[in-house]
4 protein chains.
Amino acid sequence: MSSVFGKLLTLTSFGESHGPAVGAVLDGCPPGVAVDAALVQRDLDRRRPGQSAVTSSRREPDSVEIVSGVFEGVTTGAPVAMIVRSLDADPAAYANLKELFRPGHADHAYLAKYGVRDYRGSGRSSGRETVARVAAGAVARALLARAGISVRAGTVQVGSLTADGRDWDVAERNAVRCPDEEAAERMEKAILEAREGGDSLGGVVEILAAGVPAGLGDPVFDKLDATLAHGLLSIGAVKGFEVGDGFASARLHGSEMNDRMSPAGFESNHAGGILGGISTGQPIVLRIAVKPPSSIAKPQTTVDRSGEARDFAVTGRHDPCLCPRVVPVAEAMTCLVLADHWLRQRAVEATRPDPGLTWPPGGRSA
Amino acid sequence: MSSVFGKLLTLTSFGESHGPAVGAVLDGCPPGVAVDAALVQRDLDRRRPGQSAVTSSRREPDSVEIVSGVFEGVTTGAPVAMIVRSLDADPAAYANLKELFRPGHADHAYLAKYGVRDYRGSGRSSGRETVARVAAGAVARALLARAGISVRAGTVQVGSLTADGRDWDVAERNAVRCPDEEAAERMEKAILEAREGGDSLGGVVEILAAGVPAGLGDPVFDKLDATLAHGLLSIGAVKGFEVGDGFASARLHGSEMNDRMSPAGFESNHAGGILGGISTGQPIVLRIAVKPPSSIAKPQTTVDRSGEARDFAVTGRHDPCLCPRVVPVAEAMTCLVLADHWLRQRAVEATRPDPGLTWPPGGRSA
Amino acid sequence: MSSVFGKLLTLTSFGESHGPAVGAVLDGCPPGVAVDAALVQRDLDRRRPGQSAVTSSRREPDSVEIVSGVFEGVTTGAPVAMIVRSLDADPAAYANLKELFRPGHADHAYLAKYGVRDYRGSGRSSGRETVARVAAGAVARALLARAGISVRAGTVQVGSLTADGRDWDVAERNAVRCPDEEAAERMEKAILEAREGGDSLGGVVEILAAGVPAGLGDPVFDKLDATLAHGLLSIGAVKGFEVGDGFASARLHGSEMNDRMSPAGFESNHAGGILGGISTGQPIVLRIAVKPPSSIAKPQTTVDRSGEARDFAVTGRHDPCLCPRVVPVAEAMTCLVLADHWLRQRAVEATRPDPGLTWPPGGRSA
Amino acid sequence: MSSVFGKLLTLTSFGESHGPAVGAVLDGCPPGVAVDAALVQRDLDRRRPGQSAVTSSRREPDSVEIVSGVFEGVTTGAPVAMIVRSLDADPAAYANLKELFRPGHADHAYLAKYGVRDYRGSGRSSGRETVARVAAGAVARALLARAGISVRAGTVQVGSLTADGRDWDVAERNAVRCPDEEAAERMEKAILEAREGGDSLGGVVEILAAGVPAGLGDPVFDKLDATLAHGLLSIGAVKGFEVGDGFASARLHGSEMNDRMSPAGFESNHAGGILGGISTGQPIVLRIAVKPPSSIAKPQTTVDRSGEARDFAVTGRHDPCLCPRVVPVAEAMTCLVLADHWLRQRAVEATRPDPGLTWPPGGRSA
């Protein structure tokens, strides 16, 4: 099922939405990184349901237990295994979905693939699986901090409402996780309106990685942006990915797109911090399109396993807009990918001649 | 350098822009697939420079030699190794770039990463590396044909000009590879205008995979769209990726985005043929944003290795818009990813219970 | 730390000897295989300490909890996660070893590698880690049963005592797991004598895989025997590996080694069921050399972290001969490798021409 | 076909025995390593046929062309692609084998696996494939030299003749590559006698890696010895692997096997330089069992594709004992595995606390 991700820093994820537990095993984390349950819990708390009016009301404390890989406060080099027990699982609530294909969900595709289906709350396809990512991402984030790299994300669009500001501290102070206070209010209102109408809303999450030195990422298949796209599109509901100017670059001339270099440094960042798949030393700027949640209260028509038409309305506890909870997951995947590349770059440096770079002033190589 | 791609169907790519040869080794192709040099050459001819007024004038016949893996007209299960000699390499033309960082290129990032740089025409970062992808993609395409899957692509946007039509046969009959004849003419004109002005243009390429059965792709990290994004963003100059409604889905409500199912089948395809990372049986629709080529004749300012300001204008043979030549490369990467997943699905089926699906009429599982 | 093993059937192992739990996540198991906790427990019970006088007296029930991947009695295709809590962990007993390098152990090498060391009972280097392998191996065994493949192992040498018989049912009825009843008694006696003398004994474990069809294994790097050796030598204390005649083949002429083929089938099995890295359809016969346990009661001299000489004698609960408990671990690793290759072969068959083999009578291809 | 080997340093091998060329693509070699064709040729010359009376008389110069990855005398970080054209291929000589299963060869197993078979001189199963390994191994050897690591091998047993001496310089001065001059003569004589009798002989090759610092290799699945075994058993005809005392350790007590540590260092090396899968800083000592070549002139009986009995005698140009030519291949595989682990260890060191080791005097960590 490809529940394993990463080359040197390798995350194995397990658990179903309404099974007894979900968890993560992060192998390849080098020794000596300060990690404890509280550090992991901080990110898990940002992901868990029930945080606000705009998230699912499922009540999960999502308390993490670290069962291996950390000793006397630091990583040992052994796999960091983390388990989160599910306490508010309610598989019975899904019994009526057993024979039904929910619109916008993978129910039919999943059955076509496996021939069996754990119908309890999407089973393995559930967003609950992202607990594993966020837990592992917290460890990757601690590793990146050692390299001076930090990762932030926020909701920059909900429906047709967009954020102008990019104050990342603001993002953590509103329910939508929008880096623009004024836009956040309008977005929250729009989400609540959608929910009241039995509907849901899509949006866009922007991710910013700061402090990334020039030189991360591989030139051919494992370009930094290609692997970031892999990681971010592996999050359910993500339907698009952009780096830098992204789709807007299609409308530009080369003379507009090229980031000029002057003795003082780069003069713009249309590239979003990545050229030829390698980090340039500028901030990395990514955006992902998040589709509106498929689970809506509005009545819909669909079919069952035998192809008969069925009326259907979702009654469970669901998010009216995924962006606020995708934010920590997107950060986690970005941290995992960057940390993997940072470790891979150590091998490149084993015999690397000194780049001898004096430009840009204050810049550094990976 | 991560020049290896794919899990069961594994492409190893080698060669630099102005070295003696580029090539591909495709391991994991199952036996019995009819392949010969002519089949590979057909796709290479669609990629090679000098095809039209809107592509680079470098003269490369790009003749492929298959040196292993094919015997008596079919694949043997052994790695298919293919070599293309470079005949019009002109490394001397790049001597003046040795100490310069070209705007929009990875020159600086590459040096920061490796400490050494093959400055001859971008070396390994060159688009010439995609010869390997197209050659391997042709073999993957032959494999997919056995599964009833076909892959087409075309240029659907150049600058701000967009194509309305989607006639894929038309796409191969114009220089821009646009599936809309009328738009193709306007696009070609715009590209030539940009070139005359010493500039270049970006665009969007759309990829369509038809005949993909329901069930390809893995639910968690190797979602079908995530791995497709990985493959497509590993093509140089690609800055964005969408599946189905992509970024437009951010503006939708769930009730608009959800593809309703009726006894007759899906009623729409906002998902682009993939739900939860698994193919639904509908056509797969992808779009990639291609930035305008960085190499332009217009004078630009930049810096050299020591950080001094330098004036600079490109004099080599370059494409004014990459889309027409990205089309076969995008098809190749899509074929490689789909074929890999199709092979992976064979293992899932080893013990799979019969899905027992009767819906949709005429549908099939992977 | 490379705690991930296998290509399509992928085991992730976690946990330290005296941490709260050890566990396994087995990804890539296809759906529909009948698996439950009892099936896994059966193999775990064969591995656990305290079974007999010739094993460690640590008291661990080693009860397994399956937390994901199994639903309504069968695998779902999702990762099968299994956790075994440690109840008789006694980390305090190891405090005195914190600064000491035990002879024959990886203490010094581990510290040289990681700079930190979980000194509690060898931490991650402990044989307790093999709980994960045996649990996952039980699932792989169930998968192989679907293919008509079975795997048995037994102790065929302890010190200089060798077994003549190969009655695999006998092997499970004696404490040494020797397939020769008479030899078993002598071996048990020798082990107890070694223990009484404060010492330990090495041995040889033989593994037999029956029912393996012709065609498993890959011709070049992932030869069936090469990957089996990888798996079996990854078990601690294993210092050698043989397939078929193994080291004895060095003394033979080609005319003696070659297994003749007659219309009735192979006339001998010097190859041990593998030629050119591919299974021949004959039984696969492997042997591994197991060194005597390093932890002995006899006083030894060694050094501490600062290089000072130290006297030292082991006081913990240790096995005087590892073979009886290596048997289920060796079976597990063999099952994991064979199952992985069996799944990989599904992809080869995707387009494979009919081998059209009528020889040997009753033979079958993978 | 698993023609790709290694995690960070990745070898892709291609080519068949009697196809136009064989070759290697070595990806992941870090930049700045001095490499040229002459350096690679030196090792290829040690492997090529026709060197002496005890090797095959096929006449192949095996001249290597480096087509990418090296620029101005050093590796660039790009994949090092190397091609060796086959000049003395004689596929027609094998036409009579098309329908026959040669004893001791993989002909039947191969056909059972793939359904098609390139019968020209074993196709992909041929020892000629090892050209790729030796070429790549030469680059890995140059990389290891940067780390102070060197690898030597020699024939230490032919039939029942064994070598006492271990003078590695002597090994390169006799046709058998035996590190004991007197034994070399007897071995050569034995091989020639076997050939004259239309037969062949097996043997044992010993590999010594010197200068390996403490700390290479991963504790669980990718133990240094496990991955070395994988690499060495992937060489055709290898039927056994030992590290240190190997199978002899089965007969020892713990008190004999344990290598005592004193303030001056290790007092013995029964472990063969690896404990718990990690290098100890002592020399690494490996042995592999090489079966007698299957291709012998003596008449043998066998069967054809339809299961009919056939008489058969090999007429091609074959080695009467493989050991002399396995020596450079075994060195190459050992270099590839060690170099891969050395690169992997760079990532472990990224955040590793200082091991603070003062023991052994003059020792060093990875």
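Each chain gets a letter, A, B and so on, in the order the sequences are listed, and its residues count up from 1.
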statement: Okay, B/R344 and chain A: the region with an atom under 4.5 Å from a heavy atom over there is side chain
query: Given that the side chain runs from C-beta out, which part of B/D354 has a heavy atom under 4.5 Å from chain A: side chain, backbone, both or neither?
result: backbone
query: Please walk me through it: do B/T10 and B/V4 pass side chain to side chain contact (heavy atoms under 4.5 Å, CB included)?
result: CA-CA 7 Å; B/T10 309; B/V4 182; 3.3 Å; yes
- request: Select one option (side chain, backbone, both, neither) describing which atoms of B/V290 are under 4.5 Å from chain A's heavy atoms.
  value: backbone
- request: Sort B/P293 into side chain, backbone, both or neither according to what part of it lies under 4.5 angstrom from a heavy atom of chain A.
  value: backbone
Among the listed options B/K7, B/R133, B/M261, B/R287, the residue most often paired with chain A at heavy-atom distances under 4.5 Å: B/M261
- request: Select one option (side chain, backbone, both, neither) describing which atoms of B/L201 are under 4.5 Å from chain A's heavy atoms.
  value: both
Toward chain A, the part of B/K298 with a non-hydrogen atom under 4.5 Å: side chain
message: Is B/S255 in contact with chain A via its backbone, its side chain, both, or neither, using a 4.5 Å heavy-atom distance?
response: both
field: Residue B/R117 versus chain A: region with a heavy atom under 4.5 Å
entry: neither
message: Quiz question: by atom type and distance under 3.5 Å, do the side chains of A/H105 and A/S295 form a donor-acceptor pair?
response: yes
task: Name the orientation class of the two ring planes belonging to B/W359 and B/F266 (parallel below 30°, tilted from 30 to 60°, perpendicular beyond 60°).
output: perpendicular
- request: Report yes or no: do A/S268 and A/D259 form a side-chain donor-acceptor pair below 3.5 Å?
  value: yes
- prompt: Measuring heavy-atom distances to chain A, does B/I288 have an atom under 4.5 Å in its side chain, in its backbone, in both, or in neither?
  reply: backbone
message: For B/K223, which atoms come within 4.5 Å of any heavy atom of chain A: side chain, backbone, both, or neither?
response: side chain
task: Assess whether salt bridge (Lys or Arg N to Asp or Glu O under 4.0 Å) is satisfied between A/D218 and B/K113, documenting all intermediate values.
output: CA-CA 9 Å; A/D218 270 16; B/K113 181 175 192 70; 3.4 Å; yes
task: Below 4.5 Å from any heavy atom of chain A, which atoms of B/L11 appear? Answer side chain, backbone, both or neither.
output: both
- prompt: Taking atom types as modelled and ignoring hydrogens, do the side chains of A/R124 and A/S13 form a donor-acceptor contact shorter than 3.5 angstrom?
  reply: yes
field: Region of B/T302 that comes under 4.5 Å of a non-hydrogen atom in chain A
entry: both
- prompt: Do B/D304 and B/R310 sit within salt-bridge range, that is, some charged N less than 4.0 Å from a carboxylate O?
  reply: yes
message: I want to know whether B/H230 and B/F5 have ring centres closer than 6.0 Å.
response: yes
